[in-house]
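Since the structure comes first, as structure tokens, the remarks are kept for the end.
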Amino acid sequence: MGERAKEWLLAAGAGAAVGALSAATVMNLLSRSKRREGYVRKLLESNGVAASSGNARPSRHLGAIGSSDLLSDEVVSEQLTRNIQFFGMDSQKKVTESYVVVIGLGGVGSHAASMLLRSGVGRLLLVDFDQVSLSSLNRHAVATRDDVGTPKALCLKKHFSMIYPECQIDARVQLYDPSSEAEILSGQPDFVLDCIDNIDTKVALLAACVRRGLKVLSAMGAGARADPTRIRVADLRESSNDPLSRSVRYRLKKEHGIEGGIPVVFSLEKPKAKLLPFQASKEEETPSDYQIVPGFRVRIIPVLGTIPAIFGQVMASYVATQLAGLDFQTEPVVNLDLDHYRILHQRLIEHEELIYGTAEQVLVDAEEVMYVVKELWRGRSARDQNQKDTGRKMWRSVNELMLVRWDKSKPAGVSNLILLKFSEADAHESTTLDHIKEEEPEFYSMVSRVLKRAEVEFAL
């Protein structure tokens, strides 16, 4: 046999071997896929769900399983398996045992409610007096053309029952106002989501939640905006560039004496458009002729549908993690640029040279100063960290601020720097940690906790 013939035979043999291996691999994958498909079909059939393709619908009724037993159900645990992997079983159980109220079911509220449902919340109260309109389909989470004219609350309940039928859903076609407060906010909900776009109703709801001690998350203006990177979660007093936030802050303080402590979702972006003018179809018509409920606006805010959807997704993520007990720090709203951080860095160096005779123990650069100032101390003095002081004592310039060592025996690193006003820094340099621990134990513990976070995040 010639050399070329041998090469052909070897090549053919190798190809056959590879082909056999590939075929075996494909068959194995198909077999695994079939087994998986059979497993899921068996689960569905055992729980009353038709296995036929195309129009499978659950026959389970709402609340068929108690909220405390939801995760023991095979279908539910399979549906929520990614959440269970993320949170852990115990934390996911907290979510499935939770009761959440969502008021306002438009572009923001429908997406918030939808993702809370998909996150496994065991009980939902959905409240809205309005109906699905054709123009709202650009931003609604689940509504279709067939739902136009249907009350938003009933529309969500219908679609939700096909997604997660075990959730106990109470849908109310109802306007929230002071007269319905007791009915809607009773039952000790674990969280209330304010997705209302009417300022009178929004202020009344937020005031009621504060008075009742209920956790509430409020959505500010999502209309006329386009930049998703500027959406934030912060205290109401930190929100800026938002006319709705400004009006709500004013009304809450003036009418209810509430100055802060309410988390909100808002955008730092200035509105890109204004309210469109009212256009009547007849000369004798007025805006009030088009109001579904007296006092509610009829002028139209231009809306890019993606932004209210993102607002709702942010709200759902915030609430789900809160319910699960997952602790995270929201990005602080601090209006400083890189030059401000460079100034603070230079001020630290000069202070070190003045106090210690050298700056060799300064172990941070301008970028790490930004982390310390923005992430750890949220742009304000370590002595002004109280939640109720949010906004009022936000230091939006560096004119009165400087970084100093917390423990004078350690270098000036990310886990040993506190932000103080000049007068506070002078007082700090003249005292000791032992004295602070004895005289101000709460302040000492707070600072120690914040600096411990830096140790963990920088793996020090």
Side-chain angles (χ1 to χ4, degrees), residues 227-235 237-242 266-270 328-386 389-431 433 436 443 446-460:
D227 187 353
T229 68
R230 295 178 181 269
I231 298 172
R232 298 287 187 275
V233 180
D235 189 275
R237 300 181 67 176
E238 293 187 58
S239 58
S240 58
N241 291 336
D242 181 36
F266 71 103
S267 175
L268 292 168
E269 180 184 12
K270 292 183 179 179
F328 67 92
Q329 297 289 330
T330 57
E331 182 180 17
V333 181
V334 180
N335 297 331
L336 301 177
D337 57 33
L338 188 57
D339 286 339
H340 288 111
Y341 298 115
R342 291 192 181 112
I343 290 172
L344 287 168
H345 183 244
Q346 183 59 36
R347 196 171 285 167
L348 171 62
I349 290 174
E350 293 173 357
H351 180 74
E352 287 280 312
E353 291 175 341
L354 177 65
I355 299 297
Y356 302 101
T358 177
E360 291 181 356
Q361 293 294 299
V362 175
L363 306 183
V364 293
D365 55 20
E367 185 175 338
E368 289 163 335
V369 164
M370 179 168 64
Y371 165 82
V372 172
V373 173
K374 183 176 181 179
E375 297 292 337
L376 296 186
W377 302 113
R378 307 180 77 83
R380 55 186 184 266
S381 167
R383 290 193 171 277
D384 286 325
Q385 296 295 304
N386 195 311
D389 294 330
T390 300
R392 172 179 291 180
K393 296 186 178 179
M394 280 288 292
W395 293 95
R396 301 188 183 277
S397 77
V398 299
N399 292 338
E400 297 185 43
L401 294 173
M402 64 184 297
L403 289 166
V404 297
R405 300 186 197 186
W406 170 243
D407 184 342
K408 291 186 278 289
S409 67
K410 298 179 180 179
V414 290
S415 62
N416 192 39
L417 288 171
I418 60 172
L419 190 64
L420 296 171
K421 290 180 282 187
F422 291 159
S423 58
E424 294 167 344
D426 291 339
H428 181 75
E429 294 293 2
S430 64
T431 190
L433 287 186
I436 295 174
F443 176 66
M446 182 273 293
V447 173
S448 298
R449 185 172 61 253
V450 171
L451 296 180
K452 181 66 178 177
R453 175 188 164 195
E455 286 185 16
V456 172
E457 294 184 354
F458 277 79
L460 300 177

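Along the sequence shown, residues carry numbers from 1. Note that the structure is a prediction, hence the values are computed from the model and not measured.
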How about [X] and [Y]: do any of their side-chain heavy atoms sit closer than 4.5 Å?
X: R383; Y: K421; answer: no
X: V404; Y: I355; answer: no
X: Q346; Y: I349; answer: yes
X: I436; Y: V447; answer: no

| request: If a pair satisfies side-chain hydrogen bond (donor to acceptor under 3.5 Å, both in side chains) and one of its residues is in residues 355-371, list it, with sequence neighbours excluded. | output: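 Non-adjacent pairs meeting side-chain hydrogen bond (donor to acceptor under 3.5 Å, both in side chains): Y371-E457.
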
| message | Before you tell me yes or no, could you show the steps for L419 and S381 under side-chain contact (heavy atoms from CB on, under 4.5 Å), namely the whole-Å CA-CA distance, both residues' side-chain angles and the distance that decides it to 0.1 Å? | response | CA-CA 5 Å; L419 190 64; S381 167; 5.8 Å; no

Can you name the nearest heavy-atom pair linking [X] to [Y], along with the distance?
X: H345; Y: V362; value: NE2-CG1, 4.3 Å
X: P411; Y: L363; value: CB-CD1, 3.6 Å
X: V369; Y: V364; value: CG2-CG2, 3.9 Å
X: I418; Y: A382; value: CB-CB, 4.4 Å

| Partners of H428 by ring pair (Phe, Tyr, Trp, His ring centres under 6.0 Å), sequence neighbours excluded? | W406

Does the [X] side chain pair with the main chain of [Y], one donor and one acceptor, at a distance under 3.5 Å?
X: R405; Y: K410; result: yes
X: D242; Y: F266; result: no
X: R232; Y: T229; result: yes

| Does R347 come within less than 4.0 Å of E350, counting only side-chain N to carboxylate O? |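 Salt bridge flag = no for E350 with R347.
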
